[in-house]
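Okay, so here's the structure we're looking at.
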Amino acid sequence: MSSIKTYFTRQILQWHSEHFRPMPWKGEKDPYKIWLSEIMLQQTRVAQGMPYYQKFLKRFPDVYVLANASMDEVMKQWEGLGYYSRARHLHASAKLIVKHFDGHLPASYKELIRLPGIGPYTASAIASFAYGIPSAVVDGNVHRILSRYFAINKLIDNSKNKQLFTALANQLIDRQQAAAYNQAIMDFGADVCLAKNPNCKSCILEKHCQAYRSNTVNHLPPPRKRIKKRNRFFHYLIIINEGKTFIRKRTEQDIWKNLWEFPMIETTELKSFKSILAHKLINECLPVQQFELIKQSRIYKQQLTHQNINAVFYMIKSNNQIARAWQPVDSKSILNFAFPGIIHSFLSEKTLHLLN
DNA sequence: AAAACGGGGAG
DNA sequence: CTCCCAGTTTT
């Protein structure tokens with residue numbers, strides 16, 4: 001193992017020295033910034049997270065500013081990035097770091113992983129990048145590279161396999177250059193050992209890659225299990241009363257928790273406005289016969305990992321205030337709230353003249 | 001152990 | 001259209 005290890009590790013580091021990809025958080029010393037970048041990049045492509053990282057840092061330059069901000073402000077900065085529990089956990093961790101660690105991120109894997117939103121990957125990433133601790137990251141890139149190089153035909157879908165890849169990665173890491181090694185292997189996965197159409201021709205590991213030698217590169221790692229999608233139909237009520245409309249925060253265990261929305265009626269298929277009038281939410285939001293349907297939108301669609309969302313927006317003129325549970329907003333203040341992508345795209349097309 | 005959780009880009 | 005991305009939490 002040790003000669004294989006030195007070869008693999010040396011090649012990866014050698015490659016990295018010649019193919020450095022500059023990114024704002026590379027070589028970063030501030031653990032706060034490293035932490036933020038790692039949370040933002042969970043299941044998120046670098047190019048997608050980049051603008052959010054810059055914007056977020058401008059608004060919350062250090063852990064104290066973040067800890068003192070409101071949840072809604074944090075969500076607003078996260079709006080559109082997805083996996084919103086990351087923002088909630090980031091905020092919660094900021095408060096814990098201020099309260100228990102004097103505003104400094106803890107400098108050990110063991111303490112890091114206890115913070116909300118920090119799992120095995122992120123704890124290793126912060127430990128190595130911020131503190132030089134030799135803890136190997138195992139992300140999608142590392143899993144794929146090791147699966148191919150050692151021809152390990154296993155997914156990381158249970159703790160045993162997870163442990164297998166983690167142990168292997170920790171044998172391969174260069175303990176004197178932990179940060180560089182972790183950076184290098186992930187960059188290598190992003191640039192050369194791609195999930196689809198890997199660039200084996202220019203690969204410096206080709207000679208000893210078990211998958212390449214057995215012509216199984218395209219079968220490793222094995223395909224994941226299919227996920228079944230369900231279709232959901234959201235009927236949003238844009239109730240307009242004296243230049244204001246009404247929203248609330250989603251708090252139930254469902255998608256988009258802590259984002260805001262209009263009064264909404266969900267059905268198992270697309271319904272007409274007339275048929276949703278029977279729903280009990282109507283009684284809460286609209287006075288009997290004291291409203292008028294101005295118009296309805298086209299069908300907005302959004303694909304999520306486990307769901308297909310279909311939404312219709314009904315613009316309704318009403319003569320009465322609605323229940324206090326709903327927050328009135330005008331066309332200006334509505335921009336301060338964080339909405340799901342499907343509502344945001346509706347608003348970006350309609351909002352400005354909607355309420356006047 | 002399995003399912004849930006967003007959104008976007010590449011092929 | 002499918003797959004997957006610097007994964008974690010909840011069930």
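Note on naming: letters A, B, ... go to the chains in the order of the sequence lines (proteins, then strands), and numbering restarts at 1 for each one. Since the model is a prediction, treat every value here as computed from it, not as a measurement.
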* Pairwise C1' distance, dG11(B) and dA6(C) [rounded to whole Å] -> 22 Å
* Asked: Quick one: on DNA chain B, does K228(A) or K257(A) contact a more 5' nucleotide (nearest heavy atom)?
  -> K228(A)
* Are the ring centres of Y236(A) and Y314(A) closer than 6.0 Å? -> no
* For dG8(B) versus dT9(C), give the span between their P atoms, rounded off to a whole number of Å. => 24 Å
* Nearest-nucleotide 5' precedence on DNA chain C, N182(A) against Q303(A) -> Q303(A)
* Which is the 5'-most and which the 3'-most nucleotide of DNA chain C that has an atom under 4.0 Å from a heavy atom of chain A? -> dC1(C) to dT9(C)
* To do: For side-chain hydrogen bond (donor to acceptor under 3.5 Å, both in side chains), just list the numbers for K229(A) and Q303(A), CA-CA rounded to whole Å, side-chain angles, deciding distance to a tenth of an Å, and then say yes or no.
  => CA-CA 9 Å; K229(A) 287 198 175 188; Q303(A) 308 251 351; 3.1 Å; yes
* Which whole-number value in Å describes the distance from Q253(A) CD to dA3(B) P? -> 18 Å
* Return the 5'-most residue of the pair K196(A), N158(A) with respect to DNA chain B, ranking by each residue's nearest nucleotide. => N158(A)
* Asked: Expressed in angstrom and rounded to an integer, what is the separation of R45(A) atom CZ from dG9(B) atom P?
  -> 8 Å
* To do: Could you tell me whether D254(A) contacts a base, only the sugar-phosphate backbone, or nothing, with contacts defined as non-hydrogen atoms closer than 4.0 Å?
  => sugar-phosphate
* Asked: Within the pair T305(A) and dA4(B), is there a side-chain N or O less than 4.0 Å away from OP1 or OP2?
  -> no
* Output yes when E252(A) and K257(A) qualify as a salt bridge under the 4.0 Å nitrogen-oxygen rule, no when they do not. => no
* Asked: In whole angstrom, what separates I309(A)'s CD1 from dA4(B)'s P?
  -> 13 Å
* Asked: NA contact type, R226(A), heavy-atom cut-off 4.0 Å: base, sugar-phosphate, or nothing?
  -> sugar-phosphate
* Proximity of Y7(A) and H208(A) rings by center, below 6.0 Å -> yes
* Under 3.5 Å donor-acceptor pair, T44(A) side-chain atoms to dG6(B) base atoms -> yes
* Output the distance between atom CD (E38(A)) and atom CD (Q42(A)), rounded to the nearest 0.5 Å. => 8.0 Å
* To do: For P223(A), report the nucleic acid contact type (base, sugar-phosphate, nothing); a contact means any heavy atom under 4.0 Å.
  => nothing
* To do: Using the ring of F339(A) (Phe, Tyr or Trp, six-membered ring only), decide whether K76(A) places NZ or CZ under 6.0 Å from its centre and within 45 degrees of its axis.
  => no
* Roughly, in whole Å, what's the span from CD1 in I227(A) to C1' in dA2(B)? -> 13 Å
* What about the rings of F246(A) and F262(A), do their centers lie closer together than 6.0 Å? -> no
* Asked: C1' atom, dG9(B) versus dT8(C): distance in rounded Å?
  -> 23 Å
* Using a cut-off of 4.0 Å on non-hydrogen atoms, how would the nucleic acid contact of W25(A) be classed: base, sugar-phosphate, or nothing? -> base
* In whole angstrom, what separates L155(A)'s CG from dA1(B)'s P? -> 14 Å
* Structure fact -> Result for 5'-nearest mapping on DNA chain C, choosing between I113(A) and R224(A), is R224(A)
* Describe the nucleic acid contact of S37(A) in one word from base, sugar-phosphate, nothing, applying a heavy-atom distance below 4.0 Å. => nothing
* Rounded to the nearest angstrom, tell me the gap between atom CG in L259(A) and atom P in dG7(B). => 8 Å
* Asked: Hey, what do you get for OG (S93(A)) to CD1 (I39(A)), rounding to the nearest 0.5 Å?
  -> 7.0 Å
* **Nearest-0.5 Å distance that lies between atom CZ in F150(A) and atom CG in L168(A)** => 5.0 Å
* Asked: Looking for any heavy atom pair under 4.0 Å, which part of the strands does R144(A) touch: base, sugar-phosphate only, or nothing?
  -> sugar-phosphate
* Which part of the nucleic acid does M50(A) contact within heavy-atom distance under 4.0 Å: base, sugar-phosphate only, or nothing? -> nothing
* Between the base of dG7(B) and the side chain of Q48(A), is there any donor-acceptor pair under 3.5 Å? -> yes
* Asked: When you measure from every atom of DNA chain B, which of residues 119-143 of chain A have a heavy atom less than 4.0 Å away?
  -> none
* **dA4(B) phosphate, OP1 or OP2, under 4.0 Å from Y83(A) side-chain N/O** => no
* To do: Find the distance K301(A):NZ to dG8(B):C1' and express it as a whole number of Å.
  => 18 Å
* Indicate, with a heavy-atom threshold strictly under 4.0 Å, whether G80(A) touches base, sugar-phosphate, or nothing. => sugar-phosphate
* Which residue, D254(A), N308(A), T268(A), forms the side-chain hydrogen bond (donor to acceptor under 3.5 Å, both in side chains) with R232(A)? -> D254(A)
* To do: Give the intermediate values and the outcome of salt bridge (Lys or Arg N to Asp or Glu O under 4.0 Å) for residues D174(A) and R10(A).
  => CA-CA 9 Å; D174(A) 185 327; R10(A) 209 187 316 125; over 6 Å; no
* Asked: Rounded to the nearest Å, what distance is computed from the OH atom of residue Y52(A) to the P atom of nucleotide dG6(B)?
  -> 13 Å
* Does the ring centre of Y84(A) sit less than 6.0 Å away from the ring centre of W256(A)? -> no
* To do: Describe the nucleic acid contact of Q307(A) in one word from base, sugar-phosphate, nothing, applying a heavy-atom distance below 4.0 Å.
  => sugar-phosphate
